[in-house]
Number of protein chains: 2
Amino acid sequence: MLSAGLPEGAMPKLERPGPLRERVYEALLELITTRALRPGQHLVESELAQHLGVSRQPVREALQRLNTDGWVDLRPAQGAFVHEPTEEEADQLLTVRTLLEAEAARLAALNAKAEGIADLEALCRRGEAAVGGDEVETVVEANAAFHARVMGLAGNAVLAELARQVDRRVRWYYTPVARQRGAQSWIEHRELIAAIADGDGERATAVMREHTEHTRRSYHERPRS
Amino acid sequence: MLSAGLPEGAMPKLERPGPLRERVYEALLELITTRALRPGQHLVESELAQHLGVSRQPVREALQRLNTDGWVDLRPAQGAFVHEPTEEEADQLLTVRTLLEAEAARLAALNAKAEGIADLEALCRRGEAAVGGDEVETVVEANAAFHARVMGLAGNAVLAELARQVDRRVRWYYTPVARQRGAQSWIEHRELIAAIADGDGERATAVMREHTEHTRRSYHERPRS
DNA sequence: ACTCCGTAGACTGTATCCAATAGCCAGAAC
DNA sequence: GTTCTGGCTATTGGATACAGTCTACGGAGT
């Protein structure tokens, strides 16, 4: 018990690196989402280990998790390959996302307090500013943050965990085409905030469903690379 | 290319054990779901390894996956503990399950062919027979098989994967109280089949939602152990 | 009664070693 | 010339050993 009157925030909270496998996981995920490792590419444990400056063990464990999370395909006795998304899979993913996000919006509308609403508005402003700056990376990130906050307001940890996984992959597929849907997306976010602020679960669901379905359609209409 | 006229089914398909970590994962999951390993119990890698007759390596990887799937809690530098479900978490899980299953029912109604309907009826008969026999284990399994088949008819692999994880945990929480909801559950299954056979997505959704909400309520009304 | 270590138990990460397997290619058989 | 076989290689899968570090527990001292 800190008997001395140390202010809580003053503790430097000395940086705990966390398990190495986690950091390797994040590092590889970063490389995949940024397209530094391209879909279909063969990942060799020993190469990755050497490149990251760790032993094979943490790399193996990270690859296993990436496999179960759908980021890489682990072919037995041959190695790991960066997952290649198919048209059908992307569509299914976006469908599920619509489902999860719509439910989250409904729950958020029922649970949200004034503080949460304020957070959403702040995030919305940040997103709109990013759209003005035309930086795709920042826009996508702000969008993810906004949706994550809505999910947080829903107060369902299980739902949030599923959505986290799904959203991250959606973000991967979607980033290349995010530019198209700039300003319109944030107008819809405003509508969503209004519905949540009114505590209107039905409307929040409808708005969110409409919003994510827009995203889904704009994915299918994307320019082929 | 099998030029000889070997019948496809004749190949014994010699048993491939598959990766050891998978088998360890399944073995541990079996031990957890059957309550041989009780919630809160401390799992020591070396003990498990010795007990299963493998080295620590596969055990570690299996524990990691069990951790990400929510079956065990991995406390740093201390070890793995069988997850202890809380009231709130069970409720959230059942809520999410309702969401996923309802969507699956809708999609199944839109996609199902005659063959799928027949499968559902067969599974339903099997379940009803099990209820008659009053064997909780068999009933729960038949129930899982039925829901899994509905999910298969929905034809959304991503949705199915999420539901598989959620359902397995729901099953864990729910098994102790499954006895209460015997016959009624299968009557509702019949209704669901009818809705799917009619291709009525709205009704299928409603029936499934009602069905899983029944389950949720009966969970909360369960006798405390 | 409270605090302060000391120690044991357990995980984390590293380094090797060996076995099994998929893919590939060269070469023999027809 | 085509096909099949056999071996070679790269890589993973699994086992084992070992050092470092963290946690919790308990006993000694105040």
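Scope of the values below: all heavy atoms of this structure, side chains included, with no hydrogens, waters or symmetry mates.
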Whole angstroms only, please: what is the [atom1]-[atom2] distance between [X] and [N]?
X: Leu52(A); N: dG13(C); atom1: CG; atom2: P; value: 14 Å
X: Asp73(A); N: dT12(D); atom1: CG; atom2: C1'; value: 16 Å
X: Arg23(B); N: dG14(D); atom1: CZ; atom2: P; value: 8 Å
X: Gln57(A); N: dA15(D); atom1: CD; atom2: C1'; value: 11 Å
X: Leu20(B); N: dC18(C); atom1: CG; atom2: C1'; value: 16 Å
X: Glu61(A); N: dG13(D); atom1: CD; atom2: C1'; value: 14 Å
X: Phe81(A); N: dT11(D); atom1: CZ; atom2: P; value: 10 Å

Quiz prompt | Residues in side-chain contact (heavy atoms from CB on, under 4.5 Å) contact with Leu31(B), at least two apart in sequence or another chain | solution =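 Leu31(B): side-chain contact (heavy atoms from CB on, under 4.5 Å) contacts with Leu28(B), Ala36(B), Leu37(B).
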Exercise. Going 5' to 3' through nucleotides 5-11 of chain C, assign each nucleotide B (protein heavy atom under 4.0 Å from a base atom), S (under 4.0 Å only from sugar-phosphate atoms) or - (no protein heavy atom that close).
Key: -----SS
Salt bridge or not for [X] and [Y], using N-O below 4.0 Å?
X: Glu22(B); Y: Arg65(B); result: yes
X: Glu26(B); Y: Arg23(B); result: no
X: Glu161(A); Y: Arg164(A); result: yes

Quiz item: Can you say whether the rings of Phe146(B) and His189(B) are parallel (under 30°), tilted (30 to 60°) or perpendicular (over 60°)?
Solution: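 Parallel: the ring planes of Phe146(B) and His189(B) meet at under 30°.
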Counting only pairs under 3.5 Å, give me each side-chain donor-acceptor contact of residues 113-126 of chain B, with atom names and distances, residues two or more places apart or in other chains.
unit_1: Lys113(B); atom_1: NZ; unit_2: Asn111(B); atom_2: O; d: 3.1
unit_1: Asp119(B); atom_1: OD2; unit_2: Arg149(B); atom_2: NE; d: 3.0
unit_1: Asp119(B); atom_1: OD2; unit_2: Arg149(B); atom_2: NH2; d: 3.0

